[in-house]
Amino acid sequence: EPNQFCDAGIGYEESTCGISTTSSKILIKGGTVVNAHHLEVADVYVEDGIIVAVKPHIHVGDDVTVLDATGKFVMPGGIDPHTHLAMEFLGTESVDDFFSGQAAALAGGTTMHIDFVIPVNGSLTAGFEAYEKKSKKACMDFGFHMAITKWDEVVSKEMEIMVQEKGINSFKFFMAYKGFFMVNDDLMLEGFKKCKSLGALAMVHAENGDAVHEGQKRMIELGIRGPEGHALSRPPVLEGEATARAIRLASFINTPLYVVHVMSIDAMEEIAKARISGQKVIGEPIVSGLVLNDSWLWDPDFLTAAKYVMSPPIRAAGHDKALQAALSTGVLQLVGTDRCTSNSTQKAFGINDFRIIPNGVNGIEERMHLVWDTMVVSGQISVTDFVRVTSTECARIFNIYPRKGAILTGSDADIIILNPNSTFEISAKSHHSRSDTNVYEGRRGKGKVEVTIAGGRIVWQNDELKVVPGSGKYIKLPPYSYLFNGIDKSEANYLSSLKAPVKRTIISKADAQIEEQTRI
Ligand SMILES: NC(=O)NCCC(=O)O
Ligand SMILES: [Zn+2]
Ligand SMILES: [Zn+2]
């Protein structure tokens with residue numbers, strides 16, 4: 001199959017396309033090897049896609065490619081828990097497919113992502129088949145979550161098949177996007193029950209979709225039709241309400257909950273409260289929510305403003321800093337991107353009406369650099385925490401640790417070398433997405449991913465990509481992650497409390513009246 005990058009003429013030399021000839025034996029020498037739990041100076045030896053040894057002073061023969069990592073960090077490749085490659089949404093398809101989007105990811109140090117399968121007319125089976133086709137060109141490993149958009153016996157049965165045969169261990173419920181993806185509480189309750197019975201994680205896009213719809217009508221009545229109307233129509237309170245509701249429903253069913261793209265203080269505080277009470281709730285901030293604010297939405301140039309339209313909206317300054325603090329203190333656990341890029345032509349669909357601007361921003365290529373610069377360079381988190389929030393925690397939640405998310409003997413050889421003294425700069429002119437815009441345009445920072453190794457192959461080095469369509473593997477995600485530990489016990493406690501009989505004496509209404517009169 002031809003390399004899409006070369007075909008698209010995005011500026012790659014023909015020689016950088018096609019099958020990598022790099023040796024399958026690699027030794028990374030002298031770097032600081034970072035895992036979420038530990039950091040040490042050591043060598044890492046890779047053979048046939050697997051990490052074979054991690055220890056000081058490994059000696060190898062001439063047939064091994066040696067990379068010097070002295071003074072640099074050797075870390076697990078990033079895992080992006082939230083992406084939408086080639087997603088059909090609001091009458092268009094997000095700009096990068098499973099090849100170009102993944103190539104961009106690799107250039108930024110991400111070596112695996114989990115994408116959301118969208119059912120076809122509610123059918124999970126048809127949705128899965130569609131995404132199997134879309135992902136044939138994959139050049140890095142990937143897994144799938146799945147959205148649930150309608151409820152009946154067929155969907156319920158299909159969820160079993162998805163978990164037990166297809167490798168899906170998480171289902172997302174959209175509480176917004178009224179009229180297409182949105183589900184009501186009734187459906188969420190059924191879905192949460194089914195998730196629990198399968199050991200699958202329930203996920204929510206938390207915004208009150210009915211209220212958003214009302215907010216949108218209000219904006220149009222007021223004559224506000226530009227991108228700022230998007231933010232004004234769906235304020236943080238609607239994200240807070242839906243987050244609280246989903247958390248309470250998950251508590252009622254007694255099943256773990258994952259809140260995707262936490263964008264506001266309102267939502268974050270609901271998650272904090274639930275976690276303090278002992279409820280198993282995971283909160284995922286995304287890069288745009290951590291580093292951007294909504295000022296761009298008021299830009300007089302439509303296309304500039306429109307490129308920042310996503311849901312829930314990027315919030316006013318202050319929410320970004322609060323989300324950073326929540327990430328650094330463990331209130332929020334891992335960072336995604338919700339990468340769903342549109343180009344300027346697609347964003348222009350909404351020139352007269354913000355409601356039809358395709359929602360979504362880029363980030364799959366930028367996430368690792370921006371989290372490093374914003375969180376580590378600023379001193380808010382440690383280098384080991386960086387590994388945890390960009391890779392390890394995702395692997396644990398979706399039950400593939402330590403195959404992924406670790407530099408340990410036996411782990412997959414998905415590795416990055418990051419130079420803390422080098423710098424990065426982001427621009428649509430040099431990024432690897434097919435989009436002509438970038439919401440992080442012009443950002444510079446410290447720390448650069450100089451080498452990416454995916455599946456034991458060097459795919460990014462000297463600012464050059466060597467990616468192979470079809471080389472990425474579909475990673476099946478098994479059910480019953482650590483989040484389900486103890487769920488049965490708390491269920492048993494709850495049921496035994498129900499079984500305790502309440503002692504009552506039965507008195508008839510007449511007797512009660514006599515008693516009442518006697519007392520008087
Ligand atoms: N977030 C967004 O605006 N687009 C992608 C779909 C979703 O995650 O809600
Ligand atoms: Zn969403
Ligand atoms: Zn999303």
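First listed ligand is number 1; within each ligand, the first listed atom is number 1.
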*Would L323 and L332 satisfy side chain to side chain contact (heavy atoms under 4.5 Å, CB included), going step by step from the backbone distance to the final call?*
CA-CA 8 Å; L323 295 175; L332 303 174; 3.9 Å; yes
_Taking the cut-offs as 6.0 angstrom to the six-membered ring centre and 45 degrees off its axis, would you call K172 and F116 a cation-pi pair?_
yes
*Measure from NZ or CZ of R444 to the centre of the six-membered ring of F424 and say whether it is under 6.0 Å with the direction within 45° of the ring axis.*
no
*Of all N/O/S atoms in H261, which lies nearest to the Zn ion (ligand 2)?*
NE2
*Minimum-distance N/O/S atom that H205 presents toward the Zn ion (ligand 2)*: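 Nearest N/O/S atom of H205: ND1.
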*asked:* Restricting to N/O/S atoms, is H84 within less than 2.8 Å of the Zn ion (ligand 3) or not?
replied: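 True for H84.
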*Flag C340 as yes if one of its N/O/S atoms falls below 2.8 Å of the Zn ion (ligand 3), otherwise no.*
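Looking at C340, which is the residue asked about, there is no N, O or S atom under 2.8 Å from the Zn ion (ligand 3).
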*asked:* Keeping E158 on the side-chain end and L124 on the backbone end, is there a donor-acceptor pair under 3.5 Å?
replied: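 Confirmed, E158 side chain pairs with L124 backbone.
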*Atom nearest to the Zn ion (ligand 3) - D338, N, O or S atoms considered*: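 Distance check against the Zn ion (ligand 3) picks out OD1 in D338.
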_Heavy atom of the protein closest to atom 1 (N) of ligand 1 (residue, atom name, distance)_ =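 Here the closest protein heavy atom is D338 OD2, 2.5 Å.
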*Regarding H84 and D338, is there a side-chain donor-to-acceptor distance under 3.5 Å anywhere?*
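H84 vs D338: donor-acceptor pair found between side chains.
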_Distance-only side-chain donor-acceptor flag, N359 / S311, under 3.5 Å_ = yes
*Work out whether the distance between some heavy atom of K172 and some atom of ligand 1 is less than 4.0 Å.*
yes
*Does ligand 1 have any atom sitting under 4.0 Å from a heavy atom of F116?*
no
*With atoms numbered from 1 as shown, which atoms in ligand 1 lie under 4.0 angstrom from a non-hydrogen atom of H261?*
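Per the distance check, 8 (O), 9 (O).
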